Amino acid sequence: MVEEHFIPEKYTKSIESGSFTWSSPSNIALVKYWGKKANQIPENPSISFTLDNCKTTTSLSFSKKEDTTSFAFEVFLDDEKKDDFKPKIETFFKRVEAYLPFLKEYHFKIETSNTFPHSSGIASSASGMSALALCLMSLEKELSNTNISEENFIKKASFLARLGSGSACRSLEGDLVVWGSHDAIKGSSDLFGIKYPYQVHSNFKNYQDTILLVDKGEKQVSSTVGHNLMHGHPFAQERFKQANKNLSDLISILKDGDLDKFIALVESEALTLHAMMMASMPYFILMKPNTLKIINKIWEYREKSGSKVCFTLDAGANVHVLYPEEEVNKVLEFIQNELVAYCQNGQYICDVIGLGANKI
Ligand code: PMV
C-alpha cells in the first residue's frame, strides 16, 4: 500500500459545524522505534503494548469559515488556552492536508485533557495525536458519501497519527500493535500500525505496567532530535538489524508465554535504546540516578523472589515496571516498600494492557 491510497475521493456532503470526541491511550514499546527516514517512516519495525488508564481525551469542534487559504484553530489543555501547542499541530495539519483536504475549510477548537498528571514526564504525543487523528477521521466520515469500513477508518487514522508523532500510530487499537514492515508479520506496514496478528499466550493477558515517575521535568533532548541523531550514528545499521531480529524472536516468545525470554528481550531493548542515545554525537543521557537504582532493585528482587517482573524505558527517566497479572499484589508491595522512594514525590501510575481508542 502507498501513501496515495489515503487521498480521499471528492467529498459529496457538506457539514456546517459540529463536534467529535475520542479518547485514546498511550502505549509502551517492547521493541523500540528509534531512527526514522523522511515522512515519519521508521528505520525499523516496533511493537508495543497499548495502555488503558493513561489516556488523552480530545474534542474537536468545527465550524465552516469563508477564508480557505490558511489553517485556523485554537488548542486548550484542561480548559486553558495553549498557544505553545500550536506549532506542533500546525506542522501536523501541513503534513496531513493532502489526505484531509477539508482542513482549511473549517475553524477548529481542539480541547484536550490527559488522565495522567500534567507534565508527569509521560509523553502525551502518542495518545494526543491519535485522539486528534480519530476526531478528524470522524469528520471525514461525515463528509464522504462512501461508507468507510471500520478497518479502513482505523488504518487511515493510524496513518494520520503517524504523521503527527510516529509512535502515535500504535495507540488506536489494542492490545499489541506492530508498526513498520517486517517479513514475518503479515500485513505490517511502515505507513500505519496493525494489531499483532498472531497467537498470544495467556501469560500476557492483563499484563501490568506500573509507571514510576522518576523525573517529571521537561526532557533535555526531544525525541525528534534523538531520532535525527541516528543518521550517521556508528551503530545505527546494527541496531536496526537487531530490532528486526528481536521482533522475529518475540513471535515465539508471545506464543509460548516464555516470560524469561520476554524479560531478556524487553530489558535489552530498553537499555539499547538508551545506549544509542549515549553513543550519539552529541551524546546525551536521559536516565537519572534513580532510574538506575530502580533497575538494580528490580534485578535484585527478581533474583531473590523468582518473580517475572521486568522494566522498560521510553525516551526519558521514568521506569515502566512490567509484570504478569497474577503477581499484582506482590509486585505492588515491592514497589511500595522499595521503589517509591526513588519516585519524584512518591508518584507512580498503575496501568494495564488495554484495548485501544474509544469514541465518546
Ligand atoms: O513517537 P516519537 O517520535 O515520540 O518516538 C518515540 C520513541 C520511543 O518512545 C523512545 C520508542 C517507541 O517506539 O515508542
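Atoms within each ligand, like the ligands themselves, are counted from 1 in listed order. Sequential numbering from 1 along the given sequence is applied to the chain's residues. Just so we're clear, the structure is a prediction, and the values are computed from it rather than from any experiment.
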(request) Please state whether the rings of Y11 and F102 are parallel, tilted or perpendicular, taking 30° and 60° as the class boundaries. (result) tilted
(message) Would K109 pass as a cation-pi partner of F76, given that its NZ or CZ must be under 6.0 Å from the six-membered ring centre and within 45 degrees of the axis?
(response) yes
(request) Answer yes when E90 and K88 have at least one side-chain N-carboxylate O distance shorter than 4.0 Å, and no when they do not. (result) no
(message) Heavy-atom count check: over 12 atoms from other residues, nucleotides or ligands less than 6.0 Å from K65 NZ?
(response) yes
(message) Per the salt bridge (charged side-chain N to carboxylate O under 4.0 Å, His left out) rule, what does the pair list look like for residues 30-51, sequence neighbours excluded?
(response) none
(request) Starting from the C-alpha separation in whole Å, work towards a yes-or-no answer on ring-ring contact (aromatic ring centres under 6.0 Å, His included) for W179 and F192. (result) CA-CA 6 Å; W179 166 42; F192 46 80; over 10 Å; no
Present, as a list of atom pairs with distances to 0.1 Å, all nitrogen or oxygen contacts under 3.5 Å between ligand 1 and the protein.
from     : atom 1 : to   : atom 2 : distance (Å)
ligand 1 : 1 (O)  : S165 : OG     : 3.2
ligand 1 : 1 (O)  : S167 : N      : 2.9
ligand 1 : 1 (O)  : S167 : OG     : 2.6
ligand 1 : 3 (O)  : H227 : NE2    : 3.1
ligand 1 : 4 (O)  : S223 : OG     : 2.9
ligand 1 : 5 (O)  : H227 : NE2    : 3.0
ligand 1 : 13 (O) : Y33  : N      : 2.9
ligand 1 : 13 (O) : R170 : NH1    : 3.0
ligand 1 : 13 (O) : R170 : NH2    : 3.2
ligand 1 : 14 (O) : R170 : NH2    : 2.7

